[in-house]
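Right, one structure below, let's go through it.
Chain A is the first sequence line, chain B the second, and so forth, proteins listed ahead of strands; every chain is numbered from 1. This one's a predicted model, so the numbers in the text were calculated from it and none came from an experiment.
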Amino acid sequence: MTLLGATLKGIFRDRVFRGLLMVLVVFAAIPAVSTLSMRQVVSLCLTLCLSLSSLVLLVLALFLGGTVLWRDLDRRYCHALLSLPLSRERYLWERYAGIALFLGLSALVLGGMTWLVTSFVAAGYPPGRPILWTVVFGCIALDLLKCLLLVAFAFCFSAFSTSFFLPIFGTIAIYLVGGASQGVHDYLRSSAATDISLAVRRLADSLYYLLPNFSLFDIKLYAIYGLPLQTSQLLLSGGYFLVYTLLLLGLSGWIFARRQIP
Amino acid sequence: MTEISFPIKIHGLSKVYRGKKWQRVAALRQLELTVRSGEIFGFLGPNGAGKSTTIKTLVGLIRPTEGRVTLFGQPAGMAGARQRVGYLPENPAFPDTLTGREFLALVAHSFGLARQQGLMAAERVLDMLDLTTAAGRPIRSYSKGMVQRLGLAQTLLHDPDLYILDEPMSGLDPIGRALVKDIILDLKAKGKTVFFSTHVTADVERVCDRIGVIVGGVLQAQRDVAGLLREGVEGYFCRVSNCPDKVLQPFGYKGRDDVVQELFVPRDRFNDFASQLFRSGGSFDLVEPQRRDIENYFLSLVRQAGEL
Amino acid sequence: MMRRLGIFAFFGVLLTLYVQLLGPVRQVMEQRPFVEKLGLIPHPQALKLLFPDFRALLGATILGRVTLYFGGLVEHFDDPRLLVKAVDYPAMSRAIHTAVKLDPYNMDAYYFGQAVLVWDVGKYRLANELLEYGMRYRNWDWQLPFFVGFNKAYFLGDLEGAAKMYMRAGELSGAAMFKTLAGRYLQEVGKTEMAIGYLETQLAGARIASVKKVLRLRLTAFKALRQIEEAVDGYRRRYGEWPLGLEDLTARGMLAEIPEDPYGGRFYLTEDHRVRTTSKFSLTLGAGKKKKVDVTPEETLRDD
């Protein structure tokens, strides 16, 4: 068994997947809630499905990303694991890959549920515009990438933190800032913001370029309203994710390899 | 080249921790230690003396502040150096969602054992440590002693040449302690090298070839156990018969009416006593060496270091 | 024994207290003013920055609250005169504007805005601003220009603007009916007829009971209007002269009785022989007399 497999197994044994299946019951309520809409039942259904999927993935990413390394250190599993002929970097990356695999699996399940529920609703209330399934699944895939990026941040924080506060709350902060950064950037570029001082602009600009830009991973409106999406945007988001995540994982490995495990 | 033959070589090892309020705490000072191949080395010291720090440096969990630590000639801290090492952490804990068998499979994989080979090795060590019935259960359901035994199983799994055991007997019941001692002696018979730490001197006497005593981060002494035991003999408890009291009285014997004659003879006068006994026509029924044990030796070293 | 009794007493007392509290809690909650029921909605920009991932969900949630709130008032619709007092239009307007700031594609917002805000409180220009904002996003949707065109033609008298909107709706829907619409507005009877057609279109897609009720009420009013208009025309044809007042229609048997304006106004005949009502089919004018409802949101809509 590899550490990747052990990580995956551990997540399953902690009944996380069972918890996810419980959440799927909520999906069953979506068709009923969707009929509250006056003119866009299918759009509301997609809104609810995609938002629920997004939320579930986010919670999983924060929970797993923030606690897996911390638990190894806190419960001193790492003494047994890191003394194996396994480099620290390898240990960290296999742990990450295990979580990534689980999140991917969750995204598949959530995507399947979205498809099931939305198809059911669309059969009863034909949508005004055709549902672009590729964009819908692309939306969940990008949500997944965003969550994987967040897990990488959580790992980076875990690599030097001794408690789970920094991994969890630091990652939440990254999530909030990363989501708002595009909005702030646009605001500062607009005419409404002429009286804001240069120092604040500089700070906002450097944060904008330094921190992840999660707006790149948000195509919910495209998916909900069937707006056409360019493949190039998806590719750009994917490339951005890849580069950023590899940077973070490399950094985490470098930090973790230098860490003392007393 | 000679270094390579040594399973463990520690040269000038110092470790300074950053304590609270940026205080610097020296956990180890200029440690020099070599463990030879095929040797059972007992690492003795009171709690907090630096035993665990030394061991964690050996397996790469801690980086030395100063000095050089090698395992079979490879710098400790590199993943490859641990390939020939089985390590048992102090009060070990293992990912508790896995079963014992799964954890062993994980260990086998990381040591590069083939799947089938790993499975067979796992069953062998599970059986050796009486864990076969529990092997399919998650580790979170194990008792403390079972976890400790699983820890030992995990060190034995890939049949390494060097065993680094941190307090291997702690948390075990008398049967478990006996089992561990047997395992260590068995390893010795196979020519393996064992380096283990303990704060219980009784553990050391039966199994160790050599001991090192560490107090306050400084290695106070390294001794050969056989020599130590020989030196430690202070005299002999003797039971004799058919011996006139006047022969015995100079050795502190207070005559009694019973048939049994027992007395303590100091080591330096034993030969004298024996020749007098034989000359007077008496004979030995029983001779028992009375030694100052390792515990006393250990305590005296601790006392010298000013820690007691 | 005493210990067990104590435990029973502890839980017994607390459970009794809890049951006792339920009644008052429900009463207080039911008596809360409507603004509180609809709830205070945070600034859309703040919501967008805080929960960028969930902006569509937040928009839908806000509209859901508006729909539930409006739906909960369904019993008031039996007496439309009380409706305007019961409904908190400014709060609904704010909510709808917040919702479209969060999710500019949400059709429910535009539909609800048109079906309820425009007619009941008569804020035609505000409604058109909202709809035109929506047209920039839902650029495939023929309903938005259809609504704008109707507002322009019927309420604002901007026939040229209306014609442009109907052409746009016609292009988007591919249906021919819009092309003939503008022309029919030139006739008085055609105007009423058109409104009836418009309302029937809206009613066909309505699924919420309260919205349905509002639309039916409005349809009833327009059908009453059409009945009177037809009677006036018939009077003119039969007697060769215009009636001087609506009483003439009943007196000479053209109508059994003057239909009632469900909005609480009174139908009358103008100097130029047109039928009007004092309520102007608006709840604010019909029932509230001098009550003025301001539904203008604090912030204008703009692209961002």
Work out which heavy atom in [X] is nearest to a heavy atom in [Y]; give both atom names and the distance.
X: P52(C); Y: A180(A); result: CG-N, 4.5 Å
X: Q40(A); Y: Y105(C); result: OE1-O, 3.9 Å
X: S51(A); Y: F54(C); result: O-CE2, 3.3 Å
X: L221(A); Y: A56(C); result: CD2-CB, 4.0 Å

Inset, instruction - Answer with side chain, backbone, both or neither: which region of D141(C) has an atom nearer than 4.5 Å to a non-hydrogen atom of chain A? - result: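 When you check distances to chain A, no heavy atom of D141(C) falls under 4.5 Å.
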
Legend entry - Contact class of L57(C) relative to chain A, heavy atoms under 4.5 angstrom: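 Contact with chain A involves both backbone and side-chain atoms of L57(C).
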
Legend entry - chain C contact residues among residues 103-116 of chain A, heavy-atom distance under 4.5 Å: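 Interface residues of residues 103-116 of chain A: none, nothing closer than 4.5 Å to chain C.
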
Considering only heavy atoms, which portion of [X] lies under 4.5 Å from any heavy atom of chain C: side chain, backbone, both, or neither?
X: T35(A); result: both
X: S37(A); result: both
X: L44(A); result: side chain
X: F217(A); result: neither
X: V41(A); result: side chain

Inset, instruction - Enter the distance from L49(C):CG to S181(A):OG here, rounded to the nearest 0.5 Å. - result: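 Between L49(C) CG and S181(A) OG, I get 10.0 Å after rounding to 0.5 Å.
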
Legend entry - Distance, nearest 0.5 Å, that separates OH of Y225(A) from CZ of R138(C):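 The distance works out to 6.5 Å.
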
Exceeds 12 heavy-atom contacts within 6.0 angstrom, atom [atom1] of [X]:
X: Y222(A); atom1: OH; answer: no
X: F17(A); atom1: CZ; answer: yes
X: F51(C); atom1: CZ; answer: no

Legend entry - Partner set under ring pair (Phe, Tyr, Trp, His ring centres under 6.0 Å) for F112(C), not counting sequence neighbours: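 For F112(C), the residues satisfying ring pair (Phe, Tyr, Trp, His ring centres under 6.0 Å) (neighbours in sequence not counted) are F70(C).
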
Inset, instruction - Taking the side chain as every heavy atom from C-beta outward, state whether D53(C) and F214(A) have any pair of such atoms under 4.5 Å apart. - result: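 Of all side-chain heavy-atom pairs linking F214(A) with D53(C), none is under 4.5 Å.
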
Inset, instruction - Check whether any side-chain heavy atom of R39(A) lies under 4.5 Å from a side-chain heavy atom of Q143(C), and answer yes or no. - result: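 Sidechains of Q143(C) and R39(A): in contact.
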
Inset, instruction - Identify which of L46(A), L58(A), L48(A), L227(A) forms the greatest number of heavy-atom pairs closer than 4.5 Å to chain C. - result: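 Ranked by heavy-atom pairs under 4.5 Å with chain C, first place is L227(A).
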
Inset, instruction - Specify which of Q182(A), R129(A), K220(A) makes the most heavy-atom pairs with chain C at under 4.5 Å. - result: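 Between Q182(A), R129(A), K220(A), the count favours R129(A).
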
